[in-house]
S.K.: 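Next up is a structure, given as structure tokens.
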Amino acid sequence: MLQTAIPILASLNAEETIQFYTEKLGFTSVANWDGYLIFNRDNITIHLWPTDDPEIPKNTGCYINVTEVDKLYAEYTPKGVVHPNGKLKDMPWRRRQFSILDNNGNIIHFGEDILGAV
């Protein structure tokens, strides 16, 4: 029955967020309604709502399932967006993942199943 979920994260500055998601993360900006932003990349959609409270994005994030996590990590690493404690690694829950912080402070984890893991 359930098919997909769309994260709704917090944005502190619409223009800076648009620049970050398009230039650093490779998303396409598809909407900006008074600071409510929508981005797409491949089959992923992310919404961001405007806030003036910098504490909110420090406490929000999402997990994005991907294919070719190593390739995505190689794309994002030179852009300086990988979280210092979120380098690419195999996790005990049989996922290979890494993490970034967006320009607002939201954490985004990117991961895929480890093939052959039991």
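All values below come from the heavy atoms of this structure, side chains included, with hydrogens, waters and symmetry mates left out.
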S.K.: Take Leu48 and Asn104 through the side-chain contact (heavy atoms from CB on, under 4.5 Å) test and state the conclusion after the steps.
M.R.: CA-CA 10 Å; Leu48 290 102; Asn104 305 290; 3.9 Å; yes

S.K.: Check step by step if side-chain contact (heavy atoms from CB on, under 4.5 Å) holds for Gln97 and Val66.
M.R.: CA-CA 9 Å; Gln97 71 178 48; Val66 302; over 6 Å; no

S.K.: Backbone N or O of Ile44 within a donor-acceptor pair of the Asp42 side chain at under 3.5 Å?
M.R.: no

S.K.: Closest approach of Pro7 and Cys62, non-hydrogen atoms and distance?
M.R.: CB-CB, 3.7 Å

S.K.: Does Asp52 CG have over 12 foreign heavy atoms under 6.0 Å away?
M.R.: no

S.K.: Take the angle between the ring planes of Phe98 and Phe110 and call it parallel below 30°, perpendicular above 60°, tilted in between.
M.R.: parallel

S.K.: Tyr36 and His47: which non-hydrogen atoms are nearest, and at how many Å?
M.R.: OH-ND1, 2.7 Å

S.K.: Test of understanding: clusters of I, L, V, M, F, W, Y form through side-chain heavy atoms closer than 4.5 Å, transitively. Do Tyr76 and Ile108 belong to the same one?
M.R.: yes

S.K.: Please report the closest heavy-atom contact between Arg41 and Gly26, naming both atoms and the distance.
M.R.: CD-O, 3.5 Å

S.K.: Quick one: are Asn32 and Ile18 in side-chain contact, heavy atoms under 4.5 Å?
M.R.: yes

S.K.: Check for me, please, whether Phe20 and Leu72 land in the same ILVMFWY cluster - side-chain distances under 4.5 Å, paths through other members count.
M.R.: yes

S.K.: Measuring only between side-chain heavy atoms, which start at C-beta, is Thr77 closer than 4.5 Å to Lys87?
M.R.: no

S.K.: Could you verify whether a donor N or O on one side chain and an acceptor N or O on the other, from Asp102 and Thr17, lie under 3.5 Å apart?
M.R.: no

S.K.: Give the minimum heavy-atom separation between Ser99 and His109, together with the two atoms involved.
M.R.: OG-ND1, 2.6 Å

S.K.: Can you hop from Val30 to Trp49 via hydrophobic side chains spaced under 4.5 Å?
M.R.: yes

S.K.: Are Leu37 and Phe27 side-chain neighbours, meaning at least one heavy-atom pair lies under 4.5 Å?
M.R.: no

S.K.: Kindly compute the distance separating CD1 (Ile56) from CG (Leu9), expressed to the nearest 0.5 Å.
M.R.: 12.0 Å

S.K.: If you take all heavy atoms of Pro50 and Gly35, which pair is closest and at what distance?
M.R.: CD-O, 3.6 Å

S.K.: What pair of heavy atoms forms the shortest contact from Ile114 to Arg96, and how long is it?
M.R.: CG1-N, 3.6 Å

S.K.: Counting C-beta onward and ignoring hydrogens, is there a side-chain heavy-atom pair between Ile46 and Ile64 closer than 4.5 Å?
M.R.: yes

S.K.: I'd like to know if Val82 and Ile107 are part of one continuous hydrophobic network [Ile/Leu/Val/Met/Phe/Trp/Tyr, side-chain heavy atoms within less than 4.5 Å].
M.R.: no

S.K.: Specify whether Tyr21 and Phe39 have parallel, tilted or perpendicular ring planes, treating 30° as the upper limit for parallel and 60° as the lower limit for perpendicular.
M.R.: parallel

S.K.: With side-chain contact (heavy atoms from CB on, under 4.5 Å) as the criterion, how do Asn65 and Tyr63 come out once you've worked through the C-alpha distance, each side chain's angles and the decisive distance to 0.1 Å?
M.R.: CA-CA 7 Å; Asn65 294 312; Tyr63 198 105; 3.6 Å; yes

S.K.: So do Leu12 and Thr51 actually touch side chain to side chain, heavy atoms under 4.5 Å?
M.R.: yes

S.K.: Rounded at 0.5 Å granularity, tell me how far CD in Glu23 sits from OG in Ser29.
M.R.: 11.5 Å

S.K.: Just how far is it from atom NZ of Lys71 to atom CD of Glu112, taken to the nearest 0.5 Å?
M.R.: 12.0 Å

S.K.: Is there a side-chain contact between His83 and Ile100 (heavy atoms, below 4.5 Å)?
M.R.: no

S.K.: Using a distance-only test with no angle check, is there a side-chain donor-acceptor pair under 3.5 angstrom linking Asn106 and Thr60?
M.R.: yes

